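Working notes, beginning with the structure itself.
Because the structure is a prediction, the values reported are computed rather than measured.
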Amino acid sequence: MPQVEITIGGRGFTVACQPGEEPYLESAAKLLDEEATGLANQAGRMPESKMLLMAGLMLADRTAGLEDKLSQAETYVRQVERRLSQTEAALAKARAEPEKVRVEVPVIPHGLVEMLAEMTARAEALAERVEKAGA
């Protein structure tokens, strides 16, 4: 079983791990050491056990926050995947039966078109009168 030398809070430790896990152990030890060093710099001298406890709790808090964000991201990904599947199914159906695809185009009623044309003509006539009166 491999032995890894790590330093936490300025103190060296020898820790055993499974073969191939050395980089992970060193990375975890580095995170713990950074937290412990930060605590020592802020709080001054404190008992080693308290410093390690506080550093571990700070890392656990950070990990819990990241797990919450990961859970939210996974939920969002599932929603997007579900919508994508629905869209792909609708697209496949539309491609398989193009004659059944119905596109509705809004139509302006003929009477409304005539009314708008008449209102436009009146507005233009009023504008001409105002222009002549001002000249």
Side-chain angles (χ1 to χ4, degrees):
M1 186 172 272
Q3 301 280 320
V4 178
E5 295 291 325
I6 60 172
T7 302
I8 298 176
R11 184 164 175 215
F13 298 90
T14 302
V15 181
C17 65
Q18 296 295 321
E21 291 184 353
E22 297 90 344
Y24 303 109
L25 177 59
E26 290 169 350
S27 177
K30 181 180 176 193
L31 289 171
L32 186 57
D33 181 50
E34 288 171 357
E35 292 294 333
T37 302
L39 281 170
N41 290 339
Q42 289 176 2
R45 191 74 189 138
M46 71 170 64
E48 182 179 279
S49 60
K50 185 173 182 179
M51 177 181 60
L52 292 176
L53 172 65
M54 291 299 297
L57 288 172
M58 290 171 71
L59 287 174
D61 181 57
R62 189 183 322 166
T63 301
L66 291 173
E67 287 176 346
D68 286 346
K69 286 182 181 180
L70 177 61
S71 176
Q72 291 171 0
E74 288 172 339
T75 299
Y76 178 73
V77 166
R78 281 192 299 274
Q79 290 171 349
V80 169
E81 286 175 340
R82 191 171 28 256
R83 281 188 259 152
L84 178 60
S85 294
Q86 292 169 347
T87 302
E88 287 173 338
L91 181 58
K93 183 178 178 183
R95 285 182 176 153
E97 301 172 347
E99 64 280 350
K100 291 187 178 182
V101 176
R102 185 173 156 181
V103 178
E104 294 186 21
V105 178
V107 177
I108 299 174
H110 186 67
L112 181 59
V113 172
E114 289 176 355
M115 186 186 331
L116 290 172
E118 184 180 328
M119 289 173 65
T120 302
R122 286 182 182 178
E124 288 173 352
L126 283 172
E128 285 179 19
R129 281 193 215 166
V130 169
E131 188 178 306
K132 286 179 184 177

*To the nearest 0.5 angstrom, please state how far the CD atom of Gln3 sits from the CG atom of Leu25.*
10.5 Å
*Any donor and acceptor pair, going by atom type alone, linking the side chain of Glu22 with main-chain N or O of Gly20 inside 3.5 Å?*
yes
_Side chains of Ser85 and Arg82 only: does a donor on one sit below 3.5 Å from an acceptor on the other?_
no
*Rounded to the nearest 0.5 Å, what's the gap from CE on Met58 to CG on Leu32? Could you check?*
11.0 Å
_Closest heavy-atom pair and its distance - Ala36, Ala55_ = N-CB, 3.7 Å
_Nearest 0.5 Å, please: how far is CD in Glu81 from CG in Leu84?_
8.0 Å
*Side chains of Leu57 and Leu53: does their closest heavy-atom pair fall under 4.5 Å?*
yes
*asked:* Using side-chain heavy atoms (C-beta onward) and a distance below 4.5 Å, is Arg62 in contact with Leu59?
replied: yes
*Rounded to the nearest 0.5 Å, how far apart are CD of Glu26 and OG1 of Thr7?*
10.5 Å
*Using the rule that two of Ile, Leu, Val, Met, Phe, Trp, Tyr join whenever any of their side-chain heavy atoms come within less than 4.5 Å, decide whether Leu31 and Met51 are in one cluster.*
no
*Measure the spacing between CD of Glu48 and CD1 of Ile8 and express it to the nearest 0.5 Å.*
9.5 Å
*Atom OH of Tyr24 with >12 non-hydrogen neighbours under 6.0 angstrom*: no
*Donor-acceptor under 3.5 Å (Ser71 side chain, Glu67 main chain)*: no
*Output the distance between atom CG (Leu70) and atom CG (Leu66), rounded to the nearest 0.5 Å.*
8.5 Å
*asked:* Less than 4.0 angstrom from a charged side-chain N to a carboxylate O is my criterion; do Glu118 and Arg122 meet it?
replied: yes
*Side-chain heavy-atom pair Glu74, Val77 within 4.5 angstrom cut-off*: no
*What closest approach, in Å, do Cys17 and Val4 show between heavy atoms, and which atom pair accounts for it?*
SG-CG2, 3.8 Å
